[in-house]
Structures are given as structure tokens and as C-alpha cells.
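Here is how names work: the chains are called A, B, and so on, in the same order as the sequence lines, proteins then strands, and each is numbered from 1.
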There are 2 protein chains.
Amino acid sequence: MSNKTNDMIRYVAFRLFVEVGYEATNIRDICEEVDIKPSSLYFYYKSKEDLFFSIYDEVWEDKINVLNNVVELKHNISPSMKLYFLYKRLMEYYSENIIKMKFLLRYHLFPPEDVAATIRDKYREWSNKEDRVIEEIIIQCIERNILPYDRDLKDYVHEYKTFERGQLIEIIISNIRKEDREIDNSWLRFWNCSMSNSV
Amino acid sequence: MSNKTNDMIRYVAFRLFVEVGYEATNIRDICEEVDIKPSSLYFYYKSKEDLFFSIYDEVWEDKINVLNNVVELKHNISPSMKLYFLYKRLMEYYSENIIKMKFLLRYHLFPPEDVAATIRDKYREWSNKEDRVIEEIIIQCIERNILPYDRDLKDYVHEYKTFERGQLIEIIISNIRKEDREIDNSWLRFWNCSMSNSV
DNA sequence: GTCTATAAGAGGATAGAC
DNA sequence: GTCTATCCTCTTATAGAC
């Protein structure tokens with residue numbers, strides 16, 4: 001269902017969910033900003049929780065699409081460059097969508113009690129899709145001897161995700177776009193110090 | 001003011017503030033667990049906000065004490081080792097006090113609207129104390145040519161704090177104590193790749 | 001689809017007795 | 001210090017008219 005009222009509800013709710021949080025966001029405030037009465041919102045969503053998860057899934061879907069687009073576009077280049085381009089594209093995406101990333105970080109780190117269980121389930125599902133993309137690229141790196149095979153696949157994936165999360169959190173906390181040079185420097189340090197050198 | 005009831009109030013409130021958050025923590029729930037009536041809590045604290053900040057300051061004070069203890073104990077060793085021991089001690093402290101660190105992370109990243117301004121002010125004050133300790137050690141490193149002087153002091157401090165925050169977040173997210181070997185490996189990567197080599 | 005009206009309950013906080 | 005009793009406000013959600 002997509003019309004002007006609904007789009008507006010989703011936009012306002014998303015912003016409030018990020019900035020003041022699920023518990024402190026109330027239906028009245030959303031509706032006031034959209035300029036409708038609370039009862040009208042319940043025509044589109046059966047509850048606050050329903051509205052929340054509708055937005056939650058949309059944010060994840062958007063992120064996964066970015067991953068898939070990179071893999072699709074770069075399918076015929078070397079796997080190490082593929083991982084590099086994936087990383088670069090994500091840094092760009094994070095910088096342009098800080099608020100979406102803040103949303104995910106907020107609800108994964110500090111889920112409200114009454115939606116915590118559902119968040120955990122949905123998170124597991126979505127992040128599995130994410131992991132599979134990374135895994136596939138790293139498998140290719142190992143197979144072609146670009147990465148030493150004396151280290152576990154899971155280990156490499158964890159190393160990459162930790163690195164990427166660190167960069168993401170820097171972007172969220174500093175709230176500014178990082179420079180290209182800085183992004184590349186971080187990559188080189190990561191690739192040379194954390195991945196290629198076995199510890 | 002310290003007696004059994006008050007200690008219990010603080011303990012329960014702290015736990016709820018971390019786990020379910022400020023907004024979702026209500027006076028009735030705290031009091032039920034402490035086994036007192038809500039009106040009794042207001043004998044100790046004039047408001048929910050008052051209770052919160054009393055705990056907030058205590059958590060910070062505890063952390064700053066750890067920093068000062070290290071500096072005091074290691075005042076006569078080389079500054080690079082001093083920074084190393086500071087880092088080691090903090091990792092130990094973080095691992096043993098994950099819940100306290102989760103508390104600080106939660107309210108610095110996502111402060112509730114009605115206490116956000118006060119948190120920001122208090123945060124600035126406390127983290128300044130923290131920065132001065134780090135700064136002093138790094139100044140010594142630069143003066144003794146342990147760290148290249150072609151890089152800015154602020155730059156080094158930022159580099160260290162970013163590194164330390166990354167480690168902290170890994171501990172909070174994984175929720176497990178890191179092994180000594182892993183902690184040392186991270187340090188070496190940080191010291192050799194991020195600090196000594198100018199970029 | 002959007003409204004008015006309102007149910008039903010939870011929340012922070014206080015007055016005043018003991 | 002701790003209690004009983006209560007005030008007042010805010011919140012999600014629904015019934016039913018238009």
C-alpha cells in the first residue's frame with residue numbers, strides 16, 4: 001500500500017524511531033506531524049509494532065539490495081577487488097544513509113522489551129543474507145590463493161565484519177562523510193595487517 | 001546517603017536503565033523489586049531524572065578512577081609502555097564491567113529526549129578528564145621520539161580513542177572477555193600500523 | 001479514508017498519616 | 001523512613017459516524 005498519507009506516516013515514524021526511540025515515539029506525535037488523526041493511522045497499520053516492523057524490514061531490504069548490486073556489477077573482476085569495491089560502495093552508502101544505519105544500530109544494540117524477540121529473529125534472517133555475500137567472495141579469495149588458506153573461513157568473515165562495523169560506527173558517531181583517502185587507508189591497513197598476515 | 005534501601009534502589013535502577021532503558025524503566029517496577037512503595041523512593045531522589053544522573057555520575061567516576069590508578073602506579077616507566085598498560089587495564093576493566101560500559105554507550109549514543117542536554121554537558125566534562133590522561137602520555141611519547149612528531153597530538157589522541165572504542169564495542173557486542181593473546185595482537189596492529197607509521 | 005469521541009490503563013509525582 | 005491514597009497527565013487502541 002503506497003499513497004501520500006502512508007508515505008508521510010512512514011517517513012515521520014522512521015525519523016522519530018531513530019531520533020527519540022520506539023518507546024518515546026507516540027502515535028499522537030506522528031499523526032500531528034502528518035496532519036491526520038490517530039484513528040486514521042490505524043487504517044494503515046494495525047499497531048505501533050506493525051508500523052515499526054514494516055519500516056525495519058524496508059531498511060534492511062534497501063541495504064541488502066546495495067550488496068547484491070555490487071556483486072552483480074562486479075561479477076567478473078578479481079575477488080579481492082570485489083571485496084574492496086563492496087567495502088567502498090558500503091562506505092558511500094553508509095555516509096549517504098547515516099540515519100538508516102543509526103536506526104539499525106539502535107534497535108540491534110538496544111531493542112525495546114516488547115519487540116526484542118521479533119527483532120532478534122528478523123535480524124538473524126537478514127544478516128544471514130548479508131553474510132552469505134561476504135562468504136562467497138572470501139571463498140573465492142581463498143581458492144585463488146589471494147588469502148592464506150591456513151585460516152578459517154568464519155575467521156575471515158568475522159575479521160571483515162568487525163572491520164566494517166568499526167568503520168560504520170566511526171561514521172555514525174562522527175556524523176560526517178569520511179574522505180576517500182581515509183577510506184582507502186583504512187582498507188589498506190585492514191587488508192595488509194588483519195587479513196593477509198596470519199596472526 | 002548510603003543505606004541498604006538506597007543501595008538496593010540504585011542497583012535495581014541501574015540494571016533496568018541498562019537493560020530496558022530510561023523511558024521504559026518505571027518507578028513502580030523499580031520499587032516492586034526493591035520491595036518498597038513508590039513514595040518511599042521519592043524520599044531518596046526527588047525525581048526519576050535525579051536518580052538517573054546520580055547513577056550516571058557514579059559510573060563515570062568509577063571509570064576515571066581506573067585511569068588515574070594506572071597512571072599513578074606506572075608513573076616511572078616509558079610512556080609507550082604506560083599507554084600499553086593503560087590499554088590493558090582498560091580492556092580488563094571493560095570485560096569485568098560490560099554492563100557499566102553498555103550503560104554509558106547506550107546513553108551517549110541514544111540519549112532520551114528529556115535528559116539529552118544534561119547528558120551532553122556531563123559527558124563533555126567527564127570525557128575531558130579522560131582525554132587529558134591520554135594526552136599527557138602521548139605528549140611524553142612525542143617528546144621522547146617514540147612517536148613521530150610530524151603528526152598532530154590531537155591526531156594521535158583521536159587514533160588511540162578510536163582504537164580503544166573499537167575494542168570496547170567488540171567486547172560489548174560479543175559479550176565475552178577477549179583472550180590476552182588477542183588483546184595483545186590488537187595492540188601490536190594498532191601500535192605498528194596506526195601509530196608509528198605515519199600515513 | 002478520515003473523522004469524533006472515548007475506553008482502559010499506565011506513568012510520574014505528591015499530601016499527609018504513622 | 002515508609003506507608004496509604006490519590007491526582008493528573010499521557011498513551012495505545014477501538015467504535016462507529018460520514
Quiz item: Are there more than 12 heavy atoms of other residues, nucleotides or ligands under 6.0 Å from atom CD of Glu96(B)?
Solution: yes
Quiz item: Do Lys122(B) and Glu58(B) sit within salt-bridge range, that is, some charged N less than 4.0 Å from a carboxylate O?
Solution: no
Exercise. Give the rounded distance in Å between these two atoms: CG of Asp50(B) and C1' of dT14(C).
Key: 16 Å
Quiz item: Base, backbone or nothing for each nucleotide of nucleotides 13-18 of chain D, written B, S, -, heavy atoms under 4.0 angstrom, 5' to 3'?
Solution: BBB---
Quiz item: Under the side chain to side chain donor-acceptor pair (under 3.5 Å) test, which residues partner Lys129(B), sequence neighbours left out?
Solution: none
Quiz prompt | Spacing between Asp29(B) atom CG and dG12(C) atom C1', to the nearest angstrom | solution = 13 Å
Quiz prompt | Minimum heavy-atom distance between Tyr107(A) and Phe17(A), given as atom pair plus value | solution = OH-O, 2.5 Å
Exercise. Toss me the dot-bracket line for DNA chain D: Watson-Crick and G-U wobble, both under 3.5 Å, 5' to 3', using | for pairs to another strand and [ ] for crossers.
Key: ||||||||||||||||||
Practice problem: Can you tell me the distance, in whole Å, between the CZ atom of Phe43(B) and the P atom of dT14(C)? | Solution: 15 Å
Exercise. Classify the ring geometry between His108(A) and Trp60(A) as parallel (under 30°), tilted (30 to 60°) or perpendicular (over 60°).
Key: tilted
Practice problem: Check the distance between dT2(C)'s C1' and Asn3(A)'s CG and give it to me in whole angstrom. | Solution: 12 Å
Quiz item: Atom CG of Asn26(A) and atom P of dG11(C): how far apart are they, to the nearest Å?
Solution: 15 Å
Practice problem: Could you tell me whether Lys154(A) and Glu135(A) have a side-chain N and a carboxylate O separated by less than 4.0 Å? | Solution: yes
Quiz item: Under 30°, 30 to 60°, or over 60°: which ring-plane class applies to Phe53(A) and Tyr56(A), parallel, tilted or perpendicular?
Solution: perpendicular
Quiz prompt | d(CD1, Ile30(B); C1', dG11(C)) in whole Å | solution = 12 Å
Self-check item: Qualifying residue, where the test is side-chain contact (heavy atoms from CB on, under 4.5 Å) with Leu147(A) and the options are Cys141(A), Pro79(A), Ser80(A)
Solution: Cys141(A)
Quiz item: Tyr22(B) OH to dG11(C) C1': how many Å, rounded?
Solution: 12 Å
Practice problem: Compare the minimum distances between each of dC3(C), dT2(C), dC3(D) and the side chain of Ser40(B), then state the nucleotide with the smallest one. | Solution: dC3(D)
Practice problem: To the nearest Å, give me how far apart CG (Leu51(B)) and C1' (dG12(C)) are. | Solution: 13 Å
Exercise. Give the ring-plane orientation class for Phe14(B) versus Phe103(B), where under 30° counts as parallel, over 60° as perpendicular and anything between as tilted.
Key: tilted
